[in-house]
Protein chains: 2
Amino acid sequence: MTENTDLKEYWENKPRLLPNVSIDCVIFGFHDNQLKILLLKYKNTEYYALPGGFINLEEDLSDAALRVLEERTGLRDIYLEQFHVFGKTDRRYDETHRQIMAGNGITMKPNHFLMNRFISIGYYALIDLSKAAPKPDGLSDTCDWYDLYKIPSLIFDHNEILQKALETLRLALDEKLVGFNLLPETFTINEIQKLYETVLNEKLVRSNFQRKILSLGILERIEKKMTGAANKAPYLYKFIGE
Amino acid sequence: MTENTDLKEYWENKPRLLPNVSIDCVIFGFHDNQLKILLLKYKNTEYYALPGGFINLEEDLSDAALRVLEERTGLRDIYLEQFHVFGKTDRRYDETHRQIMAGNGITMKPNHFLMNRFISIGYYALIDLSKAAPKPDGLSDTCDWYDLYKIPSLIFDHNEILQKALETLRLALDEKLVGFNLLPETFTINEIQKLYETVLNEKLVRSNFQRKILSLGILERIEKKMTGAANKAPYLYKFIGE
DNA sequence: GCAAAAGTGTTCAAAGTACACCCATGT
DNA sequence: ACATGGGTGTACTTTGAACACTTTTGC
């Protein structure tokens, strides 16, 4: 049985899933002083979407979110936070689903389980972009990073979901920084500052930021980092206890 | 057709609801310097529960929460906030459901829609207890206020849901105070302070609280309130623009 | 020495805390 | 008058923003 036969079988029948509920993951990745978002593009369409999935009948909600994240990035043990449930009655996108499936050579019966209203539970994650290995799902042909401030138009209400995730992230940045997998093992204060500036989309005062971030008491100073540049070498830091 | 026949019919068949999803409402009410919670007690059982409900197929999630609130309190246009989704696989309470139904003379078929895993979306509301007219639902015989710090053991994971709601409320108190319907039309600063102290479960310094709450810029001073007590009369306040 | 970036110090303002004092009210 | 609770003032501490100064590095 080829992989494609599996895929057709899966989508043409009603899988053993929690009906009418989906998960959407806003996966933030940081690199090159840019905050990026992981998006899928469905085969033979111009439809971009957040990585998402469904919940198996015997699967915790949070595990389902972790699974979606792992399937798309290969990463495990990642900090994931639930931020909102989107539940308007007009979350029903029969025609778009039909086109996505058509792009994969799959014909949907009128009573297909996707032909229904769905509520979607939003999760967000923050990762070190360089550690991820993005992988499209069966229906999409690309799974790539997009600059947060150059996001294409997304299917369904995914632009709204992304916006809400970003708001939540901005409010939670300080408290959640420890659990984040957004930075490499060791890093300079300047790198964290760039991260903050990118997430908040505003410039911060270097000297004050330094004190503020150190005062959180979550950083441990390691050795200096000789960059080869004609200036004072910054210290490297890591999160305490890691 | 008697009302009881309707009830039996409703619960013995699969109603047109979003399957496997429920709503639970943590309804906080303030009165007599006490923070209370609205709880149901199911007929002919010792089971206490948060007011809850299901989502009609053609109903927004937030409207469903508002409807549950109105059905139990008679109140409309109330501030409601979604705070968490509870989605563990063990949220499946066949035996308890069976007993609740049995208490109402209803026999559940083995494939009844409640005999399944449910995820539950938590909402919380804050109301002026004296404005509410609690009304049991069809399956319960009481719908009453319980002191927050004397909560009985609740069914399912409702104690956990309540705890999470309280944590969210404590963090959001300042920002959400305006939208709250937790106080009467007009009130004294002391009444708000009692509210804060009850919610936070700690004593606050009177003089400082006064300034802090006034500095929020959301209160408008009305006339004095002659209490008849042997002390200076406090001013009454109302929320600006109400 | 000089430019560039890192690290530290200084100053001022805002916000939060502790506590004292005065004011109004009914007995 | 005085006890009681409401309202305001004052002094101190903490937090945070603005900006100057010093240190380190490679050319």
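In this text, all values refer to a predicted model and were calculated from it rather than measured experimentally. Just the heavy atoms: all of them, side chains too, but no hydrogens, waters or symmetry mates, feed the values below. Protein chains get the first letters and strands the later ones, always in sequence-line order, with residue 1 at the start of each.
When distances run from any side-chain atom of A:Arg206 to the nucleotides D:dC19, D:dG7, C:dG7, the shortest one goes to C:dG7. Minimum atom distance to the side chain of A:Lys232 is reached by D:dT24, of the listed D:dG7, C:dC19, D:dT24. The side chain of B:Asn231 approaches D:dG5 more closely than any other nucleotide in the set C:dT10, C:dA5, D:dG5. Counting only heavy atoms from C-beta on, A:Ala230 has its side chain closest to D:dG26 among D:dG9, D:dG26, D:dT24. Of all nucleotides listed (C:dT25, D:dT8, D:dC19), C:dT25 comes nearest to the side chain of B:Ala233.
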Q.
If you apply the rule side-chain contact (heavy atoms from CB on, under 4.5 Å), what do you find for B:Arg117 with B:Ile119, and how did you get there?
A. CA-CA 7 Å; B:Arg117 172 215 182 161; B:Ile119 66 173; 4.2 Å; yes
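Rounded to an integer number of Å, the gap from A:Leu236 CG to C:dG7 P is 10 Å.
A salt bridge links A:Arg67 with A:Glu71: at least one charged nitrogen is closer than 4.0 Å to a carboxylate oxygen.
Within the nucleic acid shown, A:Ser207 comes within 4.0 Å of at least one base atom, counting heavy atoms only.
Nearer to the 5' terminus of DNA chain D, by closest-nucleotide assignment, is the contact made by A:Asn208 (compared with the other of A:Asn208 and A:Gly228).
Within a 6.0 Å sphere centred on CD of A:Glu185, heavy atoms belonging to other residues, nucleotides or ligands number 12 at most.
A:Tyr47 pairs in a side-chain contact (heavy atoms from CB on, under 4.5 Å) with only one of the listed residues (A:Leu40, A:Leu154, A:Ile155), which is A:Ile155.
Listed pair A:Asn190 / C:dA6 meets the phosphate criterion, a side-chain N or O lying under 4.0 Å from OP1 or OP2.
Counting distance only, with no hydrogens placed and no angle test, the side-chain atoms of B:Arg211 and the base atoms of D:dG9 include a donor-acceptor pair under 3.5 Å.
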